[in-house]
> 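Okay, handing you the structure first.
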Amino acid sequence: MTNNIYFIANWKMYGSASSLNYLNKLINLSKLKKYRNAKIIYFPPFTLIQSFINKFKNTKIHVGGQNCHHIEDYGSFTGSISSKMLKELGCKYVILGHSENRIAGETDEDINKKIHSALNKNLKVIFCIGETLKEKRKKITFSVLKRQINKGLKSIKNFNNILIAYEPVWSIGTGVIPKDKELEFNVSKIKRIISKKTRYKLPILYGGSVNNKNISNLKNIMGIKGFLVGSASQSSKKFIDIIKKTIN
Ligand code: PEP
């Protein structure tokens with residue numbers, strides 16, 4: 001059992017080459033003994049992956065892709081990137097099942113195929129799940145999470161390379177976060193659903209409007225092993241603040 005705390009920076013469709021200049025302070029922080037358990041992973045847009053990998057060379061900061069195709073090799077799929085290509089670049093991780101892709105039409109079955117393709121190429125998967133506001137209001141959060149987990153992880157045998165990011169859709173980019181009790185309750189439910197599939201304890205991360213103000217509270221939520229940070233991760237000052245306030 002490790003005490004790693006994950007800090008995922010999801011840059012979505014933002015960032016340019018000049019963004020790299022702001023990462024030096026973060027690199028310095030990652031080298032301090034105090035932060036040795038901080039697992040920092042950046043997910044820039046595909047266009048910047050190579051530059052980020054160069055930037056983080058000889059550091060313990062990793063880089064991942066924000067998505068991949070379900071075919072794990074090369075293929076005639078215009079506009080797509082495969083898990084093989086991410087791996088060849090030096091990526092260690094990939095985010096799959098993000099709600100912004102689910103909303104754009106990605107199904108649980110698509111996500112399951114992508115997870116298989118990523119694991120086959122030895123990528124670690126940040127598997128995103130979460131209910132919409134409508135589902136929360138209908139009080140079907142549990143069955144939604146159960147469906148997403150069971151379908152997304154169908155036929156998976158090796159759970160070692162999977163991390164779950166619980167991201168209530170109504171919290172992403174809205175500034176609204178779940179109440180402590182609700183978050184703890186949903187995390188415990190997720191653990192229960194997963195415990196029916198494997199004895200391996202998958203790290204559960206929280207994502208949705210995490211910032212350098214609410215982190216002091218969020219870090220105390222039971223059962224959470226880290227955070228998936230969207231917009232606040234694009235400011236290295238805010239992202240550093242989030243890491244510092246979590247590990248103090
Ligand atoms: C996300 O990108 O998954 C996310 C949680 O974004 P934000 O932190 O901006 O809500």
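Just so you know, ligand 1 is whichever comes first in the structure, and atom 1 is the first atom listed for that ligand.
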> Any side-chain heavy atom of Ile149 sitting closer than 4.5 Å to one from Lys197?
yes

> Side chains of Lys225 and Asn4: closer than 4.5 Å at any heavy-atom pair?
no

> Would you mind running through ligand 1 and noting each atom that sits below 4.0 Å from a heavy atom of Glu167?
1 (C), 3 (O), 4 (C), 5 (C)

> So, is the end of the Lys84 side chain (NZ or CZ) under 6.0 Å from the ring centre of Tyr74 and within 45° of the ring's axis?
yes

> Any side-chain heavy-atom pair from Ile27 and Lys55 closer than 4.5 angstrom?
yes

> Any heavy atom of Ala232 closer to ligand 1 than 4.0 angstrom?
no

> At less than 4.0 angstrom from any non-hydrogen atom of Ser209, what atoms of ligand 1 do you find?
7 (P), 8 (O), 10 (O)

> Going by the order shown, which atoms of ligand 1 are within less than 4.0 Å of some heavy atom of Ile172?
4 (C), 6 (O), 10 (O)

> Within the distance-only criterion (no hydrogens, no angle test), does the side chain of Asn112 pair as donor or acceptor with the backbone N or O of Gly152 below 3.5 angstrom?
yes

> For a 4.5 angstrom cut-off between non-hydrogen side-chain atoms, does Ser171 reach Ile177?
yes

> Indicate yes or no: does an N/O atom of Gly173 lie under 3.5 Å from an N/O atom of ligand 1?
yes

> Can a donor-acceptor pair be found, under 3.5 Å and without considering hydrogens, that links the side chain of Asp110 to the backbone of Thr107?
yes

> Can you name the atoms of ligand 1, numbered from 1 with element, that are less than 4.0 Å from a heavy atom of Gly208?
5 (C), 10 (O)

> What are the atoms of ligand 1, with element, lying closer than 4.0 Å to any heavy atom of Ser231?
7 (P), 8 (O), 9 (O)

> Which of the numbered atoms in ligand 1 are under 4.0 angstrom from any heavy atom belonging to Leu228?
1 (C), 3 (O), 5 (C)

> Number the atoms of ligand 1 from 1 as they appear, then name those within less than 4.0 Å of a heavy atom of Gly230, with their elements.
2 (O), 4 (C), 6 (O), 7 (P), 8 (O), 9 (O)

> If you take the centroid of each ring, where Trp contributes its six-membered ring, are Phe239 and Tyr42 closer together than 6.0 Å?
yes

> Using distance alone, determine whether Asn10 and ligand 1 share an N or O pair under 3.5 Å.
yes

> Which ligand 1 atoms are under 4.0 Å away from a heavy-atom of Lys12?
1 (C), 2 (O), 4 (C), 6 (O)

> Taking the non-hydrogen atoms of His98, is any one of them nearer than 4.0 angstrom to ligand 1?
yes

